[in-house]
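Proteins get letters first, then strands, A, B, ... in listed order; numbering begins at 1 in each.
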There are 2 protein chains.
Amino acid sequence: MTSDVHASHAVSLKKNQKLVHDVLMTAENPLSAYSILDLLREEGFRAPLQVYRALDKLVEFGLVHKLESLNAFVACSHQECSHEEPAVFMICNQCESVRELGDTGLDNHLGKLAKKQDFALKHTTVELHGQCSKCT
Amino acid sequence: MTSDVHASHAVSLKKNQKLVHDVLMTAENPLSAYSILDLLREEGFRAPLQVYRALDKLVEFGLVHKLESLNAFVACSHQECSHEEPAVFMICNQCESVRELGDTGLDNHLGKLAKKQDFALKHTTVELHGQCSKCT
DNA sequence: AAATGAAATGTAATAACATAACATTTTTCA
DNA sequence: TGAAAAATGTTATGTTATTACATTTCATTT
Ligand SMILES: [Zn+2]
Ligand SMILES: [Zn+2]
Ligand SMILES: [Zn+2]
Ligand SMILES: [Zn+2]
């Protein structure tokens, strides 16, 4: 079972990982772990851990991102182009839509900022809240 | 009862707000709401809401920030200079120390990015995880 | 000073998010 | 095929946050 998702490295998703990934790919908006659990009851999911374990792996693979300010998860929207962290998320407070953007300039900026502080940067969380174009 | 905190606008903190703010000012590291609750048991705190309500106000006043990636809170470290949002937080994964930085260049960058997407930016969350200089 | 309304507080119950611990099954690969 | 590693199933528990409702404090107006 080998679905090549991120162009760079093919990933073999297990049953639960595939189910959770599919739910997130289909969803319009970010989903909480418990929403995912409810959506997968029919598929046999019974407990939160089934969701969280799948999410852990998907995040590790770079196929899913956690939105820290929402306690929710989204499928990475850069599945075709081998996308490199980090990303920026624009989250609409009204319709809850999320747009994921790569921004090399920003990455450089944050990299310099970290270096200036002798900070060994490992992971960035950049989440912008406001109103999307449709809601304005 | 009028403590002028942020130089710009004096704020009158109520009893519980003052207690929570003092705890956060004293703390070395970010604190969860429940840690704060435990630290204030002696002062008569009995329930989470007493903490969360005080935190809500303190965040509204700009005296405290929530670290979304930790579900924890820190006192704003720019109390003398009337500091304007947004800020960048560098969070050490090892010692849990947090450094809050202002960065006009970054603010401009994020502003432009939002504008380019017709996104009405209201609030930014920028949290960098890694190792601080002391832990390297 | 008394009346009033708004803000803050007290308390209990519950909701929402996440992990620990342990048993079992499936997958990988030598 | 047999052993080790990874994934899964299940129960219980831990952690973070809010709802609902009663009471008190505080500022403002009369
Ligand atoms: Zn992505
Ligand atoms: Zn919107
Ligand atoms: Zn600040
Ligand atoms: Zn450190």
Side-chain angles (χ1 to χ4, degrees), chain A residues 1-3 9-24 27 29-61 63-74 91 93 96 125 127, chain B residues 1-3 9-24 27 29-61 63-74 91 93 96 125 127:
Chain A
M1 193 211 303
T2 295
S3 59
H9 53 300
V11 177
S12 170
L13 295 185
K14 301 307 173 188
K15 179 166 153 265
N16 288 0
Q17 295 163 11
K18 181 81 167 52
L19 286 167
V20 169
H21 190 231
D22 285 350
V23 163
L24 285 173
N29 291 342
L31 297 176
S32 73
Y34 278 74
S35 301
I36 296 170
L37 175 57
D38 286 339
L39 290 170
L40 290 176
R41 297 257 183 220
E42 296 181 353
E43 312 293 338
F45 274 46
R46 312 290 300 275
L49 215 48
Q50 296 178 282
V51 178
Y52 281 109
R53 287 201 277 227
L55 285 171
D56 280 350
K57 284 299 180 184
L58 291 168
V59 168
E60 182 185 323
F61 298 155
L63 295 175
V64 164
H65 302 294
K66 178 173 187 180
L67 299 176
E68 299 287 354
S69 60
L70 295 180
N71 293 321
F73 300 83
V74 288
I91 303 167
N93 291 328
E96 281 241 307
T125 298
E127 300 177 12
Chain B
M1 192 211 303
T2 295
S3 57
H9 53 299
V11 176
S12 170
L13 294 185
K14 302 306 173 188
K15 179 166 154 265
N16 287 1
Q17 294 162 13
K18 181 82 168 50
L19 286 167
V20 169
H21 190 231
D22 285 350
V23 164
L24 284 173
N29 291 343
L31 297 176
S32 74
Y34 279 76
S35 301
I36 296 170
L37 175 57
D38 285 339
L39 290 170
L40 290 175
R41 298 262 183 214
E42 296 181 353
E43 313 292 337
F45 273 46
R46 312 288 301 275
L49 247 201
Q50 297 177 281
V51 178
Y52 281 110
R53 286 201 278 227
L55 285 171
D56 282 349
K57 285 298 180 184
L58 291 168
V59 168
E60 182 185 322
F61 298 156
L63 295 174
V64 165
H65 302 293
K66 177 173 186 181
L67 299 176
E68 299 287 356
S69 59
L70 295 180
N71 294 320
F73 301 83
V74 288
I91 304 166
N93 291 330
E96 281 242 308
T125 298
E127 301 176 11

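Look at CZ on F61(B): it is 11 Å from P on dA7(C), rounded to the nearest Å. Counting to the nearest Å, the C1' atom of dT26(C) and the CG atom of L13(A) are 16 Å from each other. Atoms CG (L40(A)) and C1' (dG9(D)) sit 15 Å apart, rounded to a whole Å. In this structure, L58(A) places its CG atom 10 Å from P of dT8(D), rounding to the nearest Å. Summarising the geometry, the separation between CZ on R41(B) and P on dG10(C) is reported as 13 Å, rounded to the nearest angstrom. Rounded to whole Å, atom P of dT9(C) lies 14 Å from atom CD of E43(B). In this structure, CZ of F45(B) is placed 14 Å from C1' of dT11(C), rounded to the nearest angstrom. For the pair K57(B) NZ and dC26(D) C1', the computed distance is 14 Å after rounding to whole Å.
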What donor-acceptor contacts under 3.5 angstrom involve side-chain atoms of residues 42-55 of chain B, with partners at least two apart or in another chain?
unit_1	atom_1	unit_2	atom_2	d
Q50(B)	OE1	R46(B)	N	2.6
Q50(B)	OE1	A47(B)	N	3.0

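Contact annotation: K14(B) does not reach the phosphate of dA7(C) (side-chain N/O to OP1 or OP2, under 4.0 Å). Distances shown here put every side-chain N or O of Q50(A) at or beyond 4.0 Å from the OP1 or OP2 atom of dT8(D).
For D22(B), the side-chain hydrogen bond (donor to acceptor under 3.5 Å, both in side chains) criterion is met by K18(B), not counting sequence neighbours. Every residue was checked against the salt bridge (Lys or Arg N to Asp or Glu O under 4.0 Å) condition with D56(A), not counting sequence neighbours, and none meets it. The side-chain hydrogen bond (donor to acceptor under 3.5 Å, both in side chains) test applied to Q17(A) returns no partner, not counting sequence neighbours. Every residue two or more places apart in sequence or in another chain that forms a side chain to side chain contact (heavy atoms under 4.5 Å, CB included) with L70(A) is listed here: P30(A), L67(A), A72(A), I91(A), E96(A), H129(A).
For E127(A) against E68(A), the heavy-atom pair with the smallest separation is OE2-N, 2.7 Å.
Of all nucleotides listed (dG10(C), dT28(C), dT8(D)), dG10(C) comes nearest to the side chain of N16(B).
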Could you go over nucleotides 16-22 of chain D and give all protein N or O partners under 3.5 Å, atom names and distances?
unit_1	atom_1	unit_2	atom_2	d
dA17(D)	OP1	K66(B)	NZ	2.7
dA17(D)	OP2	Y52(B)	OH	3.0
dA17(D)	O5'	Y52(B)	OH	3.4
dA17(D)	N7	Y34(B)	OH	2.7
dA17(D)	N6	Y34(B)	OH	3.1

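To the nearest 0.5 Å, atoms CG (L13(A)) and CG (L19(A)) are separated by 10.0 Å.
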